Amino acid sequence: MQCDFVVSQYAPHPKKTTPVLTLRDQASMNWFIHHQHYDCSLFVWISQAWLKQPQKFSLPRYQVFVEFRDSNRCCRYHEFTFSKLEEALQFIHGPLAHRRLINISPHMTRLYPVKKDN
């Protein structure tokens, strides 16, 4: 089985019109979102990856990570991938608060909230 796409941190630079998140931008792009159904706070952040295409420019992908606790108090993550930064931000500030998350324990997430590293 051959893979047409490879994600690599060493991918060629994108076209100049493509927005690029610096490490500083990524470090500041995190939030606490209150989930409407589970009634608990979720820690959310954005990361940028590159989708390397053969004989073409690399394409940016924006990954939204959602962190919460499971029933054993362990941290769990959900990842959502978007092709545009604007789509990722709209998702965070809209549908994410209503999205079903597998393995979440709202009780444990409320008792032991996920804290941001300082």
Side-chain angles (χ1 to χ4, degrees):
M1 181 174 166
Q2 183 177 356
C3 182
D4 293 333
F5 300 105
V6 177
V7 176
S8 170
Q9 65 181 8
Y10 303 107
H13 292 290
K15 295 179 183 178
K16 290 186 178 184
T17 58
T18 304
V20 176
L21 291 176
T22 64
L23 290 176
R24 183 178 301 224
D25 293 338
Q26 291 181 49
S28 67
M29 297 189 89
N30 55 62
W31 302 266
F32 284 96
I33 303 294
H34 187 80
H35 197 281
Q36 298 300 312
H37 177 71
Y38 300 121
D39 192 28
C40 60
S41 291
L42 307 173
F43 185 58
V44 180
W45 71 95
I46 292 181
S47 181
Q48 185 179 31
W50 294 98
L51 182 64
K52 188 174 180 181
Q53 296 181 322
Q55 301 176 357
K56 294 182 181 178
F57 283 102
S58 296
L59 299 174
R61 290 291 180 256
Y62 300 94
Q63 297 165 310
V64 174
F65 291 94
V66 181
E67 187 173 358
F68 51 86
R69 303 274 183 192
D70 66 8
S71 59
N72 294 320
R73 194 177 143 191
C74 297
C75 285
R76 294 285 184 140
Y77 303 88
H78 252 292
E79 176 186 342
F80 302 93
T81 304
F82 300 90
S83 59
K84 294 182 181 177
L85 179 59
E86 296 79 20
E87 292 172 353
L89 292 171
Q90 286 175 354
F91 176 73
I92 290 169
H93 298 295
L96 177 57
H98 303 280
R99 182 61 71 109
R100 182 173 179 260
L101 301 171
I102 298 171
N103 294 325
I104 187 171
S105 170
H107 176 69
M108 286 299 197
T109 303
R110 281 190 297 274
L111 282 176
Y112 305 98
V114 177
K115 294 190 168 79
K116 180 174 112 172
D117 290 338
N118 289 338

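The figures here come from the full heavy-atom set of this structure, side chains too, leaving out hydrogens, waters and symmetry mates. The shown structure was predicted, so the numbers you read here are calculated from the model rather than taken from an experiment. The first residue of the sequence shown is numbered 1, and numbering continues consecutively from there.
- In this structure, CZ in Phe68 is found 10.0 Å from OH in Tyr77, a value given to the nearest 0.5 Å.
- From Leu42, atom CG reaches atom CD1 of Ile92 across 11.5 Å, with rounding to the nearest 0.5 Å.
- His93 and Trp31 have perpendicular rings, their planes meeting at more than 60° on a 0 to 90° scale where under 30° would count as parallel.
- Summarising the geometry of Tyr62 relative to Ala88, their closest heavy-atom pair is CB-CB, 4.2 Å, with the distance given to 0.1 Å.
- Contact of the Asp39 side chain with the His34 side chain is registered, since non-hydrogen atoms from C-beta on lie closer than 4.5 Å.
- Note that Arg73 lies in the cation-pi zone of Tyr112, set by a 6.0 Å cut-off to the ring centre and a 45° limit from the axis.
- In terms of heavy atoms, Gln90 sits closest to Pro95 at O-CD, 3.5 Å.
- With hydrogens and angles ignored, the 3.5 Å screen pairs a side-chain donor or acceptor of Asp70 with a backbone N or O of Asn72.
- In this structure, the side chains of Arg99 and Phe80 come closer than 4.5 Å at one or more pairs of heavy atoms.
- Here the side chain of His78 pairs a donor or acceptor atom with the backbone of Ile102 at under 3.5 angstrom.
- When all heavy atoms of His35 and His98 are compared, the pair lying nearest together is NE2-C, 3.8 Å.
- Within the model, atoms CG of Leu85 and CD1 of Ile46 stand 5.5 Å from one another, a figure rounded to the nearest 0.5 Å.
- With hydrophobic clusters built from ILVMFWY side chains whose heavy atoms lie under 4.5 angstrom apart, Met108 does not share a cluster with Val44.
- Linking ILVMFWY side-chain heavy atoms closer than 4.5 Å, directly or via other members, places Leu111 and Val114 in two distinct hydrophobic clusters.
- Distance alone, capped at 3.5 Å, is enough to place a donor-acceptor pair between the Thr109 side chain and the Arg69 backbone.
- One N or O on the side chain of Tyr38 and one on the backbone of Leu101 form a donor-acceptor pair closer than 3.5 Å.
- The two atoms that bring Ser105 and Ser71 nearest to each other are CB-N, 3.5 Å, heavy atoms only.
- Under the 30°/60° scheme for interplanar angles, the aromatic rings of Phe91 and Phe82 are found to be tilted.
- Atom CD of Gln48 is separated from atom CZ of Arg61 by 11.0 Å, given to the nearest 0.5 angstrom.
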>> The test is side chain to side chain contact (heavy atoms under 4.5 Å, CB included); show your working for Glu79 and Val66 and say whether it passes.
In response: CA-CA 6 Å; Glu79 176 186 342; Val66 181; over 6 Å; no
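- Shown here is Arg110, whose CZ atom has more than 12 heavy atoms of other residues, nucleotides or ligands within 6.0 Å.
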